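A short write-up of the structure that comes next.
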Amino acid sequence: MHRRAQRPSPSEAAPAVRSVGLNRVVAVIAAIWVLAGPAGAADAPRTKILSCKDAQGRVLITDPSDPRCYTPPLTPDEVAKQEAEAREQMEKYRECMAQQRADQTLLSRYPNKAKHDTARQAALAEIEATLKISQARLDALLAERQRLRNEAEFYPNGNLPAKLRRDIDANTALINAQTEAIVGQKDSAAQKTAFYDGELARLNVLWQRGPGRGCVQPRIVKQQGQPR
């Protein structure tokens with residue numbers, strides 16, 4: 001009489017099952033490595049392993065966008081640096097916008113060099129007309145001084161009449177004032193010339209390329225520091 005084969009108990013069969021399952025997993029991984037291993041690795045994109053830390057400082061192998069990732073609060077120095085950089089970027093943006101508006105105004109006013117030349121000539125012509133009047137006035141005062149000197153020669157000892165002395169003093173003051181006025185008007189003409197030269201240099205750039213690209217407003221970065 002044959003005995004039936006005794007079946008192993010569940011506790012005895014579990015390690016064997018686990019062993020068979022583990023062997024199958026290893027075999028599958030080995031097969032995948034053979035098929036897509038060194039020969040196909042060159043063609044497959046490499047996956048970058050990313051990690052972050054949670055609020056307790058534990059490392060998480062995950063995408064940084066994982067809500068468990070934690071960014072520590074900024075230190076006071078880091079906050080101050082971030083704010084200073086934001087102010088600097090905003091100031092550059094405002095300067096860019098101001099320059100862009102100025103360029104657009106300049107192009108609208110002077111679409112070509114002929115328009116700019118006309119404006120320059122008109123501005124300088126006004127100063128030149130004032131200079132001619134001032135120079136004529138100075139010439140008259142110099143002629144008056146010569147007449148007063150000739151009259152003073154009749155008094156070799158310097159005992160000039162009070163009226164003649166007052167006339168000479170007044171003439172001298174007027175000559176000095178008129179001379180200063182002429183110097184100022186010449187300086188104004190030089191400044192006008194330099195101003196229009198600067199405008200023309202900028203216009204030459206704008207006429208060739210236009211007002212340029214628009215200004216990019218800086219992105220406001222919110223301070224990080226609370227767990228997401």
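As the structure is a computational prediction, the values presented were derived from the model and not from experiment.
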Report yes if the side chains of Lys81 and Leu74 come closer than 4.5 Å at any heavy-atom pair, otherwise no. no
Hey, mind stepping through Leu142 and Arg145 against side-chain contact (heavy atoms from CB on, under 4.5 Å) and telling me if it holds? CA-CA 5 Å; Leu142 292 174; Arg145 181 174 67 179; 3.4 Å; yes
How many angstroms lie between CG in Leu131 and CG in Leu124, if you round to the nearest 0.5 Å? 10.5 Å
Atom pair CD/CD1 of Glu180 and Ile182 - distance to nearest 0.5 Å: 11.0 Å
Charged N to carboxylate O under 4.0 angstrom, Arg147 versus Glu151? yes
To the nearest 0.5 Å, what is the distance between NZ on Lys53 and OG1 on Thr62? 15.5 Å
Start with the C-alpha distance between Arg94 and Met97, add both sets of side-chain angles, then the distance that settles side-chain contact (heavy atoms from CB on, under 4.5 Å), and finish with yes or no. CA-CA 5 Å; Arg94 294 193 186 101; Met97 289 296 295; 5.7 Å; no
When rounded to the nearest 0.5 angstrom, what distance separates CD1 in Ile133 from CD in Gln178? 10.0 Å
Specify the closest pair of heavy atoms between Tyr93 and Val216, including all atoms of both residues, with the distance to one decimal. CD1-O, 3.4 Å
Do Thr118 and Tyr110 pass the side-chain contact (heavy atoms from CB on, under 4.5 Å) test, and can you show the C-alpha distance, the side-chain angles, and the key distance before you say yes or no? CA-CA 10 Å; Thr118 300; Tyr110 306 117; over 6 Å; no
Is there a donor-acceptor pair under 3.5 Å between the side chain of Asp66 and the backbone N or O of Arg68? yes
Side chains of Ile127 and Lys186 in contact at under 4.5 Å (non-hydrogen atoms): no
Answer yes if the side chains of Gln146 and Asn150 hold a donor-acceptor pair under 3.5 Å, and no otherwise. yes
Closest non-hydrogen atom pair between Pro218 and Met90, with its separation: CG-CE, 3.8 Å
Quiz question: by atom type and distance under 3.5 Å, do the side chains of Asp139 and Gln135 form a donor-acceptor pair? yes
Return yes if some donor-acceptor pair links the side-chain N/O of Ser188 with the main-chain N/O of Gly184 below 3.5 Å, else return no. no
Is the shortest heavy-atom distance from the side chain of Asp117 to the side chain of Tyr196 under 4.5 Å? no
Checking Glu91 against Arg87 for the salt bridge (Lys or Arg N to Asp or Glu O under 4.0 Å) test, could you report, in this order, the C-alpha distance in whole Å, the side-chain angles of both residues, the deciding distance, and whether it holds? CA-CA 6 Å; Glu91 184 62 27; Arg87 286 194 298 269; over 6 Å; no
To check you understand the geometry: which heavy-atom pair defines the closest contact between Tyr70 and Asp54, and what is its length? CB-C, 3.6 Å
So do the side chains of Lys113 and Asn204 get within less than 4.5 Å of each other, counting heavy atoms only? no
Between CG on residue Asp167 and CD on residue Glu144, distance to nearest 0.5 Å: 7.0 Å
Rounding to 0.5 Å, atoms CZ (Arg101) and SG (Cys96) come to a distance of 9.5 Å
Would you call Arg149-Glu153 a salt bridge at under 4.0 Å N-O? no
Between Asn112 and Lys115, is there a side-chain heavy-atom distance shorter than 4.5 Å? yes
Closest approach of Ser108 and Pro111, non-hydrogen atoms and distance? O-CD, 4.0 Å
Of all heavy-atom pairs between Ile61 and Ser51, which one has the smallest distance, and what is that distance? CD1-CB, 3.9 Å
Test your reading of the model: is there a side-chain donor-acceptor pair from Asn171 to the backbone of Leu141, 3.5 Å cut-off? yes
Side-chain heavy atoms of Phe195 within contact of Glu199, under 4.5 Å: yes
List the atom of Lys192, the atom of Ala123, and the distance in Å for their closest heavy-atom pair. CD-CB, 4.4 Å
